[in-house]
2 protein chains.
Amino acid sequence: MPEVVAQQVKSDVGLASALRSSTLRLSRQIRRQRVEGVDLTANQLGVLGALGKHDAMTIGELAAHEQVKPPSMTRIVSNMEEAGLVARRPHDTDKRQIVVELTESAHALLHANRRRRDEWLQTKLKKLTPEERDILRKAAPVLERLAAT
Amino acid sequence: MPEVVAQQVKSDVGLASALRSSTLRLSRQIRRQRVEGVDLTANQLGVLGALGKHDAMTIGELAAHEQVKPPSMTRIVSNMEEAGLVARRPHDTDKRQIVVELTESAHALLHANRRRRDEWLQTKLKKLTPEERDILRKAAPVLERLAAT
DNA sequence: TATTGTTATACTCTATAACTATA
DNA sequence: TATAGTTATAGAGTATAACAATA
């Protein structure tokens with residue numbers, strides 16, 4: 001019954017509720033799409049994503065970002081280093097700190113994951129009507145603004 | 001530079017990419033909003049959500065849904081039972097199976113979480129322009145359709 | 001003296017294998 | 001004989017406490 005949905009969405013309460021449920025559901029499906037053969041833990045994926053954005057971070061920064069304690073992050077980074085995903089190097093000025101960076105293969109993995117998810121989403125978008133795609137095209141910049149703040 | 005965004009979104013590739021990144025980012029922020037004082041593990045939250053949708057599920061169904069092995073689900077359910085979130089009862093016809101249901105307080109918790117997230121989203125929506133909200137109102141049913149399939 | 005990261009140790013969570021009850 | 005759930009045991013991951021190096 002699309003009328004019900006449309007009516008709910010007229011109010012701001014209904015809009016928030018509709019956006020919440022569809023965003024959460026869609027995100028779960030997107031997250032499921034990733035390159036096979038490489039199985040990482042949730043925290044490893046988090047570190048990968050954080051380093052993909054911030055380029056270089058210290059152990060402490062990564063621990064705070066992923067909400068784990070420093071000793072745990074030491075271990076996580078060590079495992080990822082063994083797997084060839086990250087590299088440690090000394091901080092430029094503060095010799096106590098350790099800077100962690102992504103390796104080339106980790107960058108490639110991130111890129112491949114992103115591509116796979118986009119391809120999956122594209123096939124889903126193809127199943128919509130042209131009018132629906134138009135609506136989403138207009139909504140995309142708004143959603144980006146909503147997510148950015 | 002909004003022009004760049006608008007131009008990217010003209011193609012289906014750009015639309016998929018924009019939807020992917022904004023959906024994932026927004027969902028992370030939504031997930032962060034929840035009632036305080038009640039800290040549950042990811043799997044406990046998953047069980048809570050699954051039971052919220054399907055009302056009553058067996059241990060085996062929950063294990064498959066949360067992608068853990070039956071012995072792990074036995075433990076998860078036992079912990080949640082101690083916390084007063086779920087209750088076990090025997091299956092109506094098959095005495096081997098155990099049916100798990102949410103307690104009243106778990107229903108209340110789910111409801112409170114949903115409300116908190118909606119309120120948070122509403123304050124974010126208020127910061128948009130009326131035109132942007134209109135665009136989202138039109139897009140909401142499309143997003144629900146996209147997430148539903 | 002404070003801070004960053006690591007090591008040592010204990011605890012929690014999950015999986016595999018074995019067991020019990022029911023189909 | 002097969003299936004659903006539980007129990008026993010081992011392995012992976014995280015946290016707290018103690019430690020080393022540097023600020």
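Protein chains get the first letters and strands the later ones, always in sequence-line order, with residue 1 at the start of each.
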**OP:** Name the closest nucleotide to the A:T74 side chain, picking from C:dT7, D:dA23, C:dT22.
**Re:** C:dT7

Original post:
Contact class for B:T93 vs. all strands (heavy atom < 4.0 Å): base, sugar-phosphate, or nothing?
Top reply: sugar-phosphate

Original post:
Rounded to the nearest Å, what distance is computed from the CG atom of residue B:L62 to the P atom of nucleotide C:dT14?
Top reply: 13 Å

Original post:
Short question: side chain of B:R88, backbone of B:V100 - any donor-acceptor pair under 3.5 Å?
Top reply: no

**OP:** In whole angstrom, give the distance that lies between atom CG of A:D92 and atom P of D:dA23.
**Re:** 13 Å

Subject >> Proximity to the side chain of B:P71 - top-ranked nucleotide from C:dT4, D:dT16, D:dT6 >> reply: D:dT6

Subject >> Whichever of A:K95 and B:R96 has its nearest DNA chain D nucleotide further upstream toward 5' >> reply: B:R96

Original post:
For A:E81 and C:dG5, what is the distance between atoms CD and P respectively, to the nearest whole Å?
Top reply: 14 Å

Subject >> Candidate pair A:R28 and B:S27, rule side chain to side chain donor-acceptor pair (under 3.5 Å), full reasoning >> reply: CA-CA 9 Å; A:R28 270 192 295 271; B:S27 74; over 6 Å; no

Original post:
Can you tell which of D:dG5, D:dT14, C:dG5 lies closest to the side chain of A:R75?
Top reply: D:dT14

Original post:
Rounded to the Å, how far apart are A:D94 CG and C:dA2 P?
Top reply: 17 Å

Original post:
Is the backbone N or O of A:V68 less than 3.5 Å from a side-chain atom of A:S72, with the two atoms forming a donor-acceptor pair by type?
Top reply: no

Original post:
Which nucleotide in the list C:dC13, C:dG5, C:dA15 gets nearest to the side chain of B:K69?
Top reply: C:dA15

Original post:
C:dT14 phosphate, OP1 or OP2: any side-chain N/O from B:N43 under 4.0 angstrom?
Top reply: yes

Original post:
Nearest-Å distance, CD (A:E66) to P (C:dG5)?
Top reply: 15 Å

Original post:
Which whole-number value in Å describes the distance from A:I59 CD1 to C:dT3 C1'?
Top reply: 15 Å

Subject >> Selection from C:dG5, C:dC13, C:dA23 that lies nearest to any side-chain heavy atom of A:I98 >> reply: C:dG5

Original post:
Which nucleotide sits closest to the side chain of B:S72: C:dT14, C:dT22, C:dC13?
Top reply: C:dT14

Original post:
For residues B:E82 and B:N79, is any side-chain donor paired with an opposing acceptor at under 3.5 Å?
Top reply: no

Original post:
Can you check the A:Q44 CD to D:dG13 C1' distance for me, whole Å?
Top reply: 10 Å

**OP:** Figure out the CE/P separation between B:M73 and C:dC13, and round it to whole Å.
**Re:** 13 Å

Original post:
Among C:dT6, D:dT14, C:dA21, which is the nearest nucleotide to the side chain of A:R88?
Top reply: C:dT6

Original post:
Within the side chain of B:R89, is there an N or O that forms a donor-acceptor pair under 3.5 Å with the backbone of B:V99?
Top reply: no

